[in-house]
Asker: 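Structure in structure tokens, see below.
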Number of protein chains: 2
Amino acid sequence: MALTREQLIDAAVGVLSEFGLADLSMRRLARELDVQVGALYWHVKSKQELLVDVAARLLDAVPRPESPTPALAPMAIAALLRQLRTALITVPDSAEVMQLAQSMRPESLDPLGWILDFLRIAGVPESDATYARHVLVNHLLGSIGAHQEALALAAGTEPSESSSDWGDEAFDYGVRVILRGMALEPIAG
Amino acid sequence: MALTREQLIDAAVGVLSEFGLADLSMRRLARELDVQVGALYWHVKSKQELLVDVAARLLDAVPRPESPTPALAPMAIAALLRQLRTALITVPDSAEVMQLAQSMRPESLDPLGWILDFLRIAGVPESDATYARHVLVNHLLGSIGAHQEALALAAGTEPSESSSDWGDEAFDYGVRVILRGMALEPIAG
DNA sequence: ACCTGAACACCGTTCAAGT
DNA sequence: ACCTGAACACCGTTCAAGT
């Protein structure tokens, strides 16, 4: 039975999740799927295009939240960011993949657009909203990247378990700071 | 006359600045320096190690500022971030290289440590200071990365000149938001 | 429509051997 | 001390030709 694009994306997500971006090569995917390398290029135009689809797939785990009221919007933003972090934090190099996708085809990453929607609902002036979204997304991807690179280095050393909560705390601190700086105070801590 | 490590770093900075990370290969550097590839590995342990030195070299353009008074510290932080941005924004893929260096050998990036110093001077509680530094550095590198990827894509399209000021404005907005969120108000806008 | 086989033009790293 | 020559084990992409 013929290979499908979906199977190719699945395989790519699998290799990324288990082994990271360095091991995610077209040749390896071909081996995994029992086809020749060239076959993959009938289903995707390039490796980059495949990675954009991988990024979108990673965010499928995040369901669209109900539209919040203005008063609840700051909390909804914080909650959405937490969910995005949870979806990405366990996948090695996910921050890098997301960055690529965001620059190549941002419209394929719906959940990042919801942040913009919620900022508007919260009352952030239209002129600031896109900037504000960038600050939040930079923080999201930056923290994930730093956390994962720390893990990667720690893998060489002894596995000092404490590395997981450090990232959580740092991430939440940043979200609180940024929202406060926009004069958006989440109601619940 | 023998090749030196400094010459190797210089050549790497040159290729990065002119052609970007994708063209920065050990083999290309060897060609540029008129030696065989293997020769490079007498001067550096790996390409990664070389990139860490490249990152440090990029920050050499940023001089250590005078230690500010507490009242002036927020402004000093904002000024330092602007200088860092200026040093990196013209070098393609500099954000990626900095991220690597930061995870592999953060102590080689002195200017990023100064941010922490100034945050303490400004009165940020010791428990928050490292988190705060991360938020600012994530914003710095995130904005640079986004700006450069936008440029790289625009290179394929028509060169719509307006892309340069967009990044500036977005960056400054983010810095203001973050400092405000930490209750640090810069005195001058 | 979907895939194979084979090629093209590359990579980073290692290492015996040379000077 | 510093470098060459050559190899090892890879890459992404293209494309005529097959079914």
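Sequence lines set the chain letters: A, B, ... in the order given, protein chains first and strands last, and positions in each chain run from 1.
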Asker: Rounding to an integer number of Å, can you tell me how far B/Leu33 CG sits from D/dT4 C1'?
Answerer: 15 Å
Asker: Is the NZ or CZ atom of B/Arg28 positioned over B/Phe19's six-membered ring, under 6.0 angstrom from the centre and within 45° of the axis?
Answerer: yes
Asker: Kindly determine whether B/Val175 and B/Leu140 satisfy side-chain contact (heavy atoms from CB on, under 4.5 Å), including the steps that lead there.
Answerer: CA-CA 9 Å; B/Val175 172; B/Leu140 173 71; over 6 Å; no
Asker: List in chain and number order the residues that pass side-chain contact (heavy atoms from CB on, under 4.5 Å) with B/Pro68, two or more places apart in sequence or in another chain; answer none if no residue qualifies.
Answerer: B/Leu72, B/Ala73, B/Ala76, B/Phe118, B/Ile121
Asker: Is it the case that the side chain of A/Asp53 and the backbone of A/Ile9 share a donor-acceptor pair, with hydrogens and angles ignored and the cut-off at 3.5 Å?
Answerer: no
Asker: How many Å lie between CG on A/Leu3 and P on C/dC2, as a whole number?
Answerer: 10 Å
Asker: Please measure how far the P atom in C/dA9 lies from the corresponding atom in D/dA9, and state the result in whole Å.
Answerer: 23 Å
Asker: Could you tell me how far apart B/Leu40 (CG) and D/dT4 (C1') are, to the nearest whole angstrom?
Answerer: 12 Å
Asker: As a check on the pairing definition, encode DNA chain C in dot-bracket form, counting Watson-Crick and G-U wobble pairs whose two distances are under 3.5 Å, and using | for partners outside this strand.
Answerer: ||.|||||...|||||.||
Asker: Below 30° counts as parallel, above 60° as perpendicular, anything between as tilted: where do the rings of B/His139 and B/Phe171 land?
Answerer: parallel
Asker: Taking the side chain as every heavy atom from C-beta outward, state whether A/Met26 and A/Val44 have any atom pair closer than 4.5 Å.
Answerer: yes
Asker: Quick one, B/Leu59 and B/Met98 - any side-chain contact, counting heavy atoms below 4.5 Å?
Answerer: yes
Asker: The side chain of A/Trp42 lies closest to which of these nucleotides: C/dA1, D/dC3, C/dT4?
Answerer: C/dA1
Asker: Mind calculating the distance between NE2 (B/His43) and P (D/dC2) to the nearest angstrom?
Answerer: 7 Å
Asker: On a whole-Å scale, what distance lies between the C1' atoms belonging to C/dC8 and D/dC11?
Answerer: 12 Å
Asker: Base contacts versus sugar-phosphate-only contacts with protein, heavy atoms under 4.0 Å: please encode nucleotides 8-19 of chain C as B, S and - from 5' to 3'.
Answerer: ---BBBBB----
Asker: Give a yes or no answer on whether the side chain of B/Gln148 reaches the backbone of B/Ile89 with a donor-acceptor pair at less than 3.5 Å.
Answerer: yes
